[in-house]
Amino acid sequence: MPNPCSAGHLVVRQLERSGVERVYCVPGESYLDVLDGLYDSPIDTVVCRHEGGAGFMAVAEGRLTGRPGVAMVTRGPGAANAAIAVHTAWQDATPMVLFAGLIPAGQRYRESFQEFDPNAWFGSTAKRVLVLDDPAAAAGIVAEAMQIAVTGRPGPVVVGLPETTLTEPTDGVTLPPRAPARPSPSPADLDAVAALLAVAKAPVAVAGGDGWTEQAARDLAEWAEAAALPVLTDFRAYDAIDHDSPCYAGSLGYGRSASAAAVLRDSDLQLWLGCPRGDVPTDSYTIGTDAASVHIGPDPAAHGHTGRLDATVVATPAAFVAAARDVLVRPGADPAPMRTAHEAHRAWSRPAPDGDQGVDLGAAFGLLRRNLETDPIVTFGAGNHAIWPQRYLPAHRPGSLLAPRNGAMGFGVPAAVAAALVRPDRRVLSVAGDGCFMMNGQELAVAVERRLPVLVLIVDNGCYATIRAHQEAHYPGRPSGTGLSNPDFAELARAYGAFGATVTHTGEFEVALRKALDAPGPAVLHLRTDPTTRGPLSRPEGALR
């Protein structure tokens with residue numbers, strides 16, 4: 001029924017009807033009417049300290065829930081700061097909606113204060129760019145944005161909100177949310193995959209992308225174990241399956257093991273579930289691209305899939321594995337190769353000491369595995385610090401990992417804040433490099449404000465270590481632009497109101513960890529590590545290429 005309100009208030013009402021529980025924002029005068037609508041709304045308004053942090057929180061929520069995470073920022077500089085999150089959601093295929101304030105429509109194309117063209121800025125990194133020029137269309141545009149973000153290949157949608165349009169009157173009528181398509185495999189699809197499996201000598205499944213539910217993960221494991229099918233995971237998607245399953249053979253991409261790469265290299269059939277055969281899992285298109293392959297996902301165009309492609313199955317991974325569990329069996333298949341690959345992964349992922357200078361991260365992560373709850377949500381951004389958690393902290397169900405597949409630094413702390421808000425029943429651990437933390441570490445203030453039990457480990461080696469490693473390989477003895485002079489991170493944490501402690505050698509770590517875990521709110525452990533260590537040293541096969 002009509003219930004007149006402004007267009008800005010109608011945007012909020014439609015978000016409510018769409019099931020949005022929270023929005024992440026940095027306020028701006030360009031969308032004051034939307035902020036006013038949020039004042040009386042049950043939607044939780046999470047006030048962030050930087051637009052990049054707000055956007056990353058929305059990406060993290062989208063990955064955890066399968067529903068678009070929502071961020072709101074102002075025009076010009078605000079939208080520019082949020083662009084990193086749009087790029088992350090685009091490359092990671094994660095649903096999010098970014099609302100960006102705009103100048104009044106009548107002031108366009110005059111270089112007005114903070115003016116920018118949303119289509120020009122985001123047209124190549126968003127699924128759609130929508131601009132609310134007609135106040136009567138407010139509900140429809142919000143509903144459309146939410147539906148586009150999750151349909152087909154998920155991704156970001158940007159909605160521009162001209163300042164003066166938001167204050168214009170509307171009838172206030174909201175629309176029912178648009179249901180996204182959830183395609184399932186046809187009998188012909190299953191027959192085609194069955195025919196390929198029947199002649200394959202060394203098939204493998206590669207699971208990735210978003211949208212994995214706990215039931216889908218169980219279906220994948222049950223099917224793969226029964227079919228003696230090794231399962232690899234795409235880069236930073238290793239929580240698609242329980243790592244205790246005897247079919248799990250490891251994760252591909254940067255920091256992968258030699259044994260995982262060998263499984264892909266030696267395969268003659270690859271089933272790519274929810275992700276394409278792209279450059280990262282194939283070591284820049286150098287392994288496995290000549291093998292027969294099937295792309296399985298909701299994207300009929302199989303964007304990013306390279307090399308030989310024998311079949312495309314338009315289906316969600318969850319729908320496919322539910323069907324495959326019953327029909328895609330391999331009678332008489334030898335389980336020995338699958339079990340061998342799993343044991344190789346287990347040996348590689350067992351923490352071992354790396355050295356004796358500063359905090360030994362190999363030993364520290366062994367202590368983490370013994371002291372943490374068995375099923376934390378782990379977040380990290382980009383850098384060498386990420387090698388340790390992705391190698392040594394196992395996952396047992398989807399929604400256990402939040403990390404940017406596009407290699408964006410500064411993701412870990414905002415993602416941890418969002419994870420603690422979305423899943424208050426689970427421990428959240430964020431592992432950050434010193435460079436990565438300094439990009440969005442100020443979002444620790446949000447965790448303190450809301451007393452979120454987030455544990456942040458800051459690995460301090462005094463440099464941008466990934467780039468330094470490349471310099472050492474290609475320009476030995478000439479480090480340039482990679483040195484860092486850092487603050488006292490423990491003191492910084494205490495200044496925010498969090499627990500903070502500095503750990504200078506491994507013997508101090510376990511006591512400090514227990515104190516941090518007992519802290520009533522967020523806690524930061526500042527780990528001073530060997531500045532020459534680039535990755536786990538005991539088995540260098542897992543180091544970055």
Side-chain angles (χ1 to χ4, degrees), residues 66 180-234 237-252 260 263-264 267-277 291-300 302 310-342 345 375 394-401:
R182 302 293 187 196
S184 298
S186 68
D189 291 329
L190 296 172
D191 288 344
V193 177
L196 290 167
L197 278 170
V199 297
K201 303 298 183 184
V204 63
V206 184
D210 293 348
W212 289 94
T213 64
E214 293 190 32
Q215 183 60 55
R218 286 191 293 269
D219 289 342
L220 172 59
E222 290 176 11
W223 166 51
E225 290 167 20
L229 187 68
V231 176
L232 297 167
T233 50
D234 194 10
Y238 60 67
D239 58 341
I241 190 169
D242 186 346
H243 290 196
D244 287 342
S245 169
C247 67
Y248 182 58
S251 186
L252 299 169
V263 171
L264 187 69
S267 64
D268 60 358
L269 174 64
Q270 301 163 9
L271 308 179
W272 290 82
L273 291 159
C275 57
R277 182 165 63 186
S293 75
V294 179
H295 180 274
I296 302 155
D299 175 17
D310 294 71
T312 298
V313 177
V314 181
T316 65
F320 180 84
V321 294
R325 185 185 58 182
D326 298 323
V327 300
L328 295 182
V329 295
R330 300 174 64 221
D334 183 4
M338 177 187 74
R339 292 173 179 165
T340 298
H342 177 63
H345 168 73
D375 198 21
H396 300 290
R397 56 171 164 159
S400 297
L401 171 67

Within the side chain of [X], is there an N or O that forms a donor-acceptor pair under 3.5 Å with the backbone of [Y]?
X    : Y    : value
D189 : V313 : no
D310 : S293 : yes
H243 : Y238 : yes
D268 : A202 : yes

With heavy-atom distances below 4.5 Å as the criterion, would you say the side chains of [X] and [Y] are in contact?
X    : Y    : result
S245 : L220 : no
P203 : L271 : no
P183 : T316 : yes
D326 : W223 : no
W212 : D239 : no
P398 : E214 : yes
D375 : S400 : yes

Over all atoms of both residues, closest heavy-atom pair of [X] and [Y]:
X    : Y    : result
C275 : G209 : CB-N, 4.1 Å
L229 : V204 : CD1-N, 3.8 Å
A249 : V263 : CB-CG2, 4.4 Å
A228 : A333 : CB-CB, 3.9 Å
S184 : A315 : C-CB, 3.7 Å
S267 : L264 : OG-O, 2.7 Å

How many angstroms lie between atom CZ of R339 and atom CG of D334, to the nearest 0.5 angstrom?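 Reported to 0.5 Å precision, the distance equals 8.5 Å.
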Taking atom CD of E225 and atom CE of M338, what is their separation to the nearest 0.5 Å?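 Result: 6.5 Å between the selected atoms.
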Only counting residues at least two apart or in another chain, list the ones meeting side chain to side chain donor-acceptor pair (under 3.5 Å) with T233.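 So T233 forms a side chain to side chain donor-acceptor pair (under 3.5 Å) with Y248, S251.
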Can you tell which of V231, L273, L252 makes a side chain to side chain contact (heavy atoms under 4.5 Å, CB included) with V206?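 Between V206 and the candidates, side chain to side chain contact (heavy atoms under 4.5 Å, CB included) is satisfied uniquely by L252.
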Pair D219 + R325: basic N to acidic O under 4.0 Å: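 Judged by the 4.0 Å cut-off on N to carboxylate O distance, D219 and R325 do form a salt bridge.
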